[in-house]
Participant: 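After the C-alpha cells below, expect a handful of questions from me.
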Amino acid sequence: MVKFIHAADLHLDSPFKSRSKMPSNIVNALMNSTFVAAKRMFDYAIENKVDFVILSGDVFDADNRSLKSEIFLKEQFERLENHGIFTYMIHGNHDPVVEGVKTSWPSTVKVFRENVETYQAMSESGENVFIHGFSYYQDESYESKLDHYPTNTRNDGIHIGLLHGTYSKSVRDVGRYTEFTLEDLNSKLYHYWALGHIHMRQTLSEMPLINYSGNIQGRHVNESGEKGFLLVEGDSIKLRSKFVPVQDILFESYELDVTSVDRMDLYQEVTKFKNKLRADGRQIIKLSAFYDGDEDISSTELFEVIHLLQEDETDIDNFIWVDEMKLEYKDVERNALINDIKGSFGNNDAIYKESLNTLYMDPKVNRYLPDIEHIDREKLFELGEEKLKLLMRK
C-alpha cells in the first residue's frame with residue numbers, strides 16, 4: 001500500500017485580482033490565504049503519516065518568488081523531513097527553473113530538472129514507487145517532453161507521472177502548455193498521473209487514475225468552490241483518490257430571491273443572507289438578486305446598498321465580502337412596459353382629463369365615484385397601475 005498527497009498550483013504570493021476597493025483586513029487575509037491553505041495541507045500530511053507529497057508545478061506565482069514564500073516553504077519541507085516524509089516537486093509555467101535562483105531545500109525534497117528524471121521511493125509498507133517528471137526551464141512556454149518519459153514495461157512497482165500541462169480536449173481558457181492526449185499518458189503504462197496547471201479539480205481517467213488536483217486556494221470569482229488537494233491511496237492493482245479541502249477563503253456565486261427593492265429592505269435581506277453564509281467561513285461572493293415585483297431601484301441607490309454591504313465587513317474576521325451584486329427582474333418586459341406607460345402618460349394633463357371625463361360619463365360607474373373636484377390624482381394613478389398590473393398577469 002502507498003499513501004501520498006497530490007497537489008498543484010499553490011501560487012504562493014499570488015497577486016490576486018480586484019482588491020483595490022477592499023478594506024485592509026480582507027486584502028491582508030487574501031494575501032495570506034495561499035500560505036494558510038498550504039500550511040493546512042502540510043499539517044494533514046504529517047497528521048495522516050503519508051509516504052510522500054507530490055507538487056505538480058506552479059508552487060510559486062512567478063520566477064522572482066519572494067523571500068517570504070521561500071522561507072515558508074523551506075520551513076514546511078523541514079517539518080515533513082522531521083517526520084520522514086519526502087517531497088517530489090516539478091516547476092510549471094509560472095515558476096520555471098531559472099538560472100541564478102538557488103534555494104537550498106532539505107535532502108528529502110527532490111526537485112525535477114529540465115530533462116525528464118525518475119526518482120525511486122518506498123512506501124511505509126515496503127512497496128517500490130517510481131516517480132517520473134520534468135520542470136519547465138527558463139521560459140514559461142515549453143515544448144512537450146512526453147516522449148522522454150520511460151514506459152513501464154517491468155511491472156515492478158507503482159509508477160507515477162508528474163506533468164504540468166493542458167489536456168488537448170480542455171475547453172477552459174488557459175495557456176496551452178505541454179498539450180497531451182489520454183493516449184499519450186496511457187501509453188506509458190503508469191498507475192497514476194499527477195497533473196497540474198488547470199485550476200479546476202477533475203478526473204480524466206479512472207483506469208489508470210489521471211487527476212488534476214486543482215489549486216489549493218481560489219484567487220477570484222472564476223475560481224469558485226472548495227479548493228484543496230487529493231489524497232491518493234492503494235497499490236499497483238488499484239489507486240483511489242479523495243479530495244481534501246483546505247482553502248482559507250471561499251470564492252462563490254449565489255442567487256437570492258428578494259421581496260423588495262426598496263433600498264432599506266434590499267439591504268436587510270442581503271445582510272440576513274450574508275449572516276447565514278458565515279457558518280461556512282470567509283467568503284468573497286458574486287450575488288445575483290432576483291426580484292419579481294414591479295418597483296424599481298436606481299443605479300445610484302443600488303450602488304449605495306452594495307457600498308454599505310461592503311462597508312459592514314471592515315474589521316470583520318469571518319467576512320462575507322460582496323464583490324459583485326446584480327439585480328435582475330424576473331419579468332423584465334412587464335416592468336419595462338409599465339414604466340414606459342408611466343413615463344409617457346403620467347404627467348399628461350390632457351389625457352388625464354379625457355380619461356376622467358370618460359369615467360364620469362358612464363352612468364354605471366359615476367354613482368360610486370366621489371365628486372370630481374375631490375378626486376386624488378395620485379391615488380387614482382396608483383389604482384390604475386394596480387389594475388394594469390393585474391391585467392398583464394392574466
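Residues: numbered from 1 along the sequence shown. Just so it is clear, the structure is predicted and the values come from calculations on it, not from any experiment.
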Participant: Say whether, by atom type as modelled, one donor and one acceptor occur between the side chain of Ser123 and the main chain of Met1 under 3.5 angstrom.
Facilitator: yes
Participant: Just say parallel, tilted or perpendicular for the rings of His91 and Phe60, cut-offs at 30° and 60°.
Facilitator: parallel
Participant: May I ask you to decide if Glu114's main-chain N or O and Lys145's side chain share a donor-acceptor pair within less than 3.5 Å?
Facilitator: yes
Participant: Judged by atom type as modelled, is there a donor-acceptor pair below 3.5 Å linking the side chain of Ser205 to the main-chain atoms of Ile210?
Facilitator: no
Participant: Ignoring hydrogens and angles, tell me if any N or O in the side chain of Asn25 forms a donor-acceptor pair with the backbone of Thr314 under 3.5 Å.
Facilitator: no
Participant: Treating Asp9 as the side-chain partner and Gly214 as the backbone partner, does any N or O pair qualify as donor plus acceptor under 3.5 Å?
Facilitator: no
Participant: Side chain of Trp193, backbone of Leu185: donor and acceptor closer than 3.5 Å?
Facilitator: yes
Participant: Apply the test salt bridge (charged side-chain N to carboxylate O under 4.0 Å, His left out) to residues Lys49 and Glu124: give CA-CA distance (whole Å), side-chain angles for both, the deciding distance (0.1 Å), then the verdict.
Facilitator: CA-CA 9 Å; Lys49 300 178 180 179; Glu124 181 70 23; over 6 Å; no
Participant: What's the shortest heavy-atom distance between Glu223 and Phe251, and which atoms?
Facilitator: O-CB, 3.8 Å
Participant: Should the pair His132 and Tyr190 be assigned to parallel (<30°), tilted (30 to 60°) or perpendicular (>60°) ring geometry?
Facilitator: parallel
Participant: Give a yes or no answer on whether the side chain of Tyr212 reaches the backbone of Tyr167 with a donor-acceptor pair at less than 3.5 Å.
Facilitator: yes
Participant: For Gly92, does its backbone N or O pair with a side-chain atom of Asp95 as donor and acceptor, under 3.5 Å?
Facilitator: yes
Participant: Mind listing the side-chain donor-acceptor pairs of residues 230-238 below 3.5 Å, one per line with the distance, residues two or more places apart or on another chain?
Facilitator:
| from | atom 1 | to | atom 2 | distance (Å) |
| --- | --- | --- | --- | --- |
| Asp235 | OD1 | Ile237 | N | 2.9 |
| Asp235 | OD1 | Lys238 | N | 3.0 |

Participant: Walk me through it: do Phe4 and Tyr88 pass the test ring pair (Phe, Tyr, Trp, His ring centres under 6.0 Å)?
Facilitator: CA-CA 11 Å; Phe4 64 92; Tyr88 299 92; 9.7 Å; no
Participant: Walk me through it: do Glu313 and Arg278 pass the test salt bridge (charged side-chain N to carboxylate O under 4.0 Å, His left out)?
Facilitator: CA-CA 11 Å; Glu313 303 305 313; Arg278 293 189 199 278; 2.8 Å; yes
Participant: Is Val129 reachable from Leu162 through a run of hydrophobic residues whose side-chain heavy atoms are each under 4.5 Å from the next?
Facilitator: yes
Participant: Look at atom NZ of Lys68 and say whether more than 12 heavy atoms of other residues, nucleotides or ligands are closer to it than 6.0 Å.
Facilitator: yes
Participant: In terms of relative ring orientation, are Tyr192 and His6 parallel, tilted or perpendicular, with 30° and 60° separating the classes?
Facilitator: perpendicular
Participant: What pair of heavy atoms forms the shortest contact from Phe229 to Ala7, and how long is it?
Facilitator: CB-CB, 3.9 Å
Participant: For the CZ atom on Phe290, are there more than 12 heavy atoms of other groups (residues, nucleotides or ligands in this structure) within a distance under 6.0 Å?
Facilitator: yes
Participant: Applying side chain to side chain contact (heavy atoms under 4.5 Å, CB included), can you list everything that pairs with Asp156, at least two apart in sequence or on another chain?
Facilitator: Phe130, Asn152, Arg154, His159
Participant: Establish, for the pair Arg79 and Phe42, whether the NZ or CZ atom is under 6.0 angstrom from the six-membered ring centre and no further than 45 degrees off its axis.
Facilitator: no
Participant: To the closest 0.5 Å, what do you measure between CG (Leu256) and NZ (Lys272)?
Facilitator: 10.5 Å
Participant: To check you understand the geometry: which heavy-atom pair defines the closest contact between Ile5 and Val50, and what is its length?
Facilitator: CG1-CG1, 4.2 Å
Participant: With sequence neighbours excluded, tell me which residues meet side chain to side chain contact (heavy atoms under 4.5 Å, CB included) with Thr108.
Facilitator: Glu81, Phe86, Pro106
Participant: Please walk me through it: do Asn93 and His197 pass side-chain hydrogen bond (donor to acceptor under 3.5 Å, both in side chains)?
Facilitator: CA-CA 8 Å; Asn93 59 290; His197 182 52; 3.2 Å; yes
Participant: Do Lys326 and Glu324 pass the salt bridge (charged side-chain N to carboxylate O under 4.0 Å, His left out) test, and can you show the C-alpha distance, the side-chain angles, and the key distance before you say yes or no?
Facilitator: CA-CA 7 Å; Lys326 293 181 179 179; Glu324 183 180 334; 3.6 Å; yes
Participant: For a quick test of reading the model, state the closest non-hydrogen atom pair linking Ala38 to Leu12 and the distance between them.
Facilitator: CB-CD2, 4.3 Å
Participant: Hey, any chance Leu55 and Val109 share a hydrophobic cluster, counting ILVMFWY side chains that come within less than 4.5 Å of each other, even indirectly?
Facilitator: yes
Participant: Decide side-chain hydrogen bond (donor to acceptor under 3.5 Å, both in side chains) for Thr259 and Glu269; before the verdict, give the C-alpha distance in whole Å, the side-chain angles of both, and the deciding distance to 0.1 Å.
Facilitator: CA-CA 8 Å; Thr259 60; Glu269 287 196 53; 2.6 Å; yes
Participant: So which atom in Tyr119 and which in Val111 form the shortest heavy-atom distance, rounded to 0.1 Å?
Facilitator: OH-O, 3.6 Å
Participant: As a quick check of understanding, evaluate side-chain contact (heavy atoms from CB on, under 4.5 Å) for Ile249 and Leu30, giving each step before the final call.
Facilitator: CA-CA 7 Å; Ile249 299 172; Leu30 271 175; 3.9 Å; yes
Participant: Any donor and acceptor pair, going by atom type alone, linking the side chain of Lys188 with main-chain N or O of Leu146 inside 3.5 Å?
Facilitator: yes
Participant: So which atom in Leu327 and which in Tyr329 form the shortest heavy-atom distance, rounded to 0.1 Å?
Facilitator: CD2-OH, 3.9 Å
Participant: Quick one: does Asp58's side chain have a donor or acceptor within less than 3.5 Å of a partner on His94's backbone?
Facilitator: yes
Participant: Side chain to side chain donor-acceptor pair (under 3.5 Å) with Asp248: which of Arg282, Gln217, Lys227?
Facilitator: Arg282
